Amino acid sequence: MKHRLLQHGRLMPALESQLQADFDIHPLWSEADPAGFLAARGVEFIGLVTSARIGADAAFITSLPNLKVISSFGVGYETIDIDAARRQGVAVSNTPDVLNDCVADLAFGMLIDVARGISFGDRFVRRGDWMRNVAIPLATQVSGKRLGILGLGRIGQAIARRSFGFNMDVRYHSRRPVADVSWQYAASAVELAEWADFLVVACAGGPATRHLVSAALLEALGPRGYLINISRGSVVDEKALVAALADKRIAGAALDVFENEPQVSEELLSMENVVVLPHVGSGTHETRTAMGNLVLSNLKSFFDTGRLLTPVM
Ligand code: 8YV
């Protein structure tokens, strides 16, 4: 007999097909009245498949009284109420590690883009400014500069390693110093920003890091400093960021995530020294396939052995 699972939100077609083949899975999005459906039939489900974007809040989890396991697509799990899951004895897994390289690649690409003006140069050529002999502004060199990393987890370390080829000096700030790394620890996020030429945000989202990139931190980053965010929009006080960019109190920003995504403020869209991307840190065939496989193998492992491969707690 196949295990009865609920799917919260759409997933990649290949993953949806495999879930349908392996499980008795019900797509909640097909319900006209999801709350009514959960009230009537929530008891049926022992597993939930969701994603970092959609998550599962406390009310959602309690509407599934027989739930045993949540397998989530994505490394971030701030949208899942872990305390509620724990209270109900529900095991939760995410998809860490398989996306480290992919997200770190993009972070570095964004860093080079905003410093060297790759997206800007592309727009410049396409709109005919080169032909019209418009002066080409000089950019900022990347090699040899100071790279500050906010959050030296698995992704942060993959970003730090990429700096070797660019001969950059790396420091980081995390909740606490990380053992067995050679990069210097900065005592605070503001101290790190003060030192850095490029500040890459790679910490987890959620209430603990909300607006860690504050007006004061941006002030410390300064008019020659660049902000790169591949973590969560919530980490950056976006109003403060827009104000700092508008007043040229920082040099530029490259953002893959936003406070209110998919909405991006008109101010950010109008700035030439801002690179904007649609939350695609893990968005390659290779990585999304690996994430999907980990969603499946976590479920298989849980139902076979009672243990998840990559539990979040
Ligand atoms: C996901 C992400 O693509 O892994 C995460 O936490 O933010 C992305 O890699 C996406 O959020 C999955 O829903």
Side-chain angles (χ1 to χ4, degrees), residues 5-16 18-19 25 27-29 47-57 60-61 70-82 85 92-110 149-159 200-210 212-213 228-236 238 254-264 275-299 308-313:
L5 307 187
L6 185 68
Q7 185 185 327
H8 196 14
R10 297 305 304 249
L11 295 162
M12 296 182 303
L15 176 56
E16 288 190 353
Q18 200 54 50
L19 284 164
I25 187 156
L28 187 62
W29 74 85
L48 172 68
V49 182
T50 185
S51 67
R53 277 170 215 251
I54 292 181
D57 61 18
F60 195 86
I61 292 169
I70 299 175
S71 182
S72 182
F73 182 91
V75 65
Y77 54 87
E78 75 284 355
T79 50
I80 300 176
D81 193 322
I82 299 300
V92 183
S93 63
N94 62 343
T95 61
D97 287 321
V98 293
L99 44 57
N100 297 349
D101 282 335
C102 199
V103 178
D105 289 352
L106 190 77
F108 236 90
M110 290 163 64
I149 302 180
L150 199 51
L152 199 73
R154 293 167 282 221
I155 294 172
Q157 291 184 37
I159 294 167
V200 180
V201 183
C203 56
T209 56
R210 188 172 180 276
L212 188 58
V213 175
I228 296 97
N229 188 6
I230 46 83
S231 130
R232 287 292 183 258
S234 60
V235 183
V236 175
E238 213 167 279
L255 310 165
D256 185 42
V257 288
F258 301 86
E259 272 203 286
N260 198 19
E261 55 187 66
Q263 273 164 45
V264 179
V275 174
V276 288
L277 290 175
H279 197 150
V280 287
S282 65
T284 63
H285 293 293
E286 295 86 343
T287 294
R288 290 276 167 90
T289 301
M291 291 163 70
N293 289 341
L294 193 48
V295 166
L296 292 162
S297 48
N298 265 303
L299 289 168
L308 289 163
L309 300 176
T310 54
V312 303
M313 57 193 181

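Start at 1 and go down the list; that is how both ligands and their atoms are numbered. Since we're looking at a predicted model, the values are computed, not measured. Worth knowing before you read on, the calculation uses all heavy atoms, side chains too, and leaves out hydrogens, waters and symmetry mates.
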Peer 1: So, does Thr287 use its side chain to make a donor-acceptor pair with the main chain of Leu99 at under 3.5 Å?
Peer 2: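 Not confirmed, Thr287 side chain does not pair with Leu99 backbone.
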Peer 1: Using atom types as modelled and distance alone, determine if a side-chain donor or acceptor of Ser71 lies under 3.5 Å from a backbone N or O of Val295.
Peer 2: yes
Peer 1: Run through ligand 1 for me and note each protein residue having a heavy atom under 4.0 Å from it, chain first, then residue number.
Peer 2: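 Lining ligand 1 at under 4.0 Å, by heavy atoms, one finds Ser51, Ala52, Arg53, Phe73, Gly74, Val75, Gly76, Leu99, Arg232, His279, Ser282, Arg288, Met291.
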Peer 1: Please check this pair: side chain of Thr79 against backbone of Ile54, looking for a donor-acceptor N/O pair closer than 3.5 Å.
Peer 2: no
Peer 1: So Phe60 and Leu28, side-chain contact (heavy atoms from CB on, under 4.5 Å) or not? Walk me through it.
Peer 2: CA-CA 12 Å; Phe60 195 86; Leu28 187 62; 3.5 Å; yes
Peer 1: Look at the side chain of Asp101 and the backbone N and O of Ala104, then say whether any donor-acceptor pair between them is shorter than 3.5 Å.
Peer 2: no
Peer 1: Got a donor-acceptor contact below 3.5 angstrom from the Asn94 side chain to the Tyr77 backbone?
Peer 2: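 No; judged by distance alone, with no hydrogens or angles, the pair does not exist.
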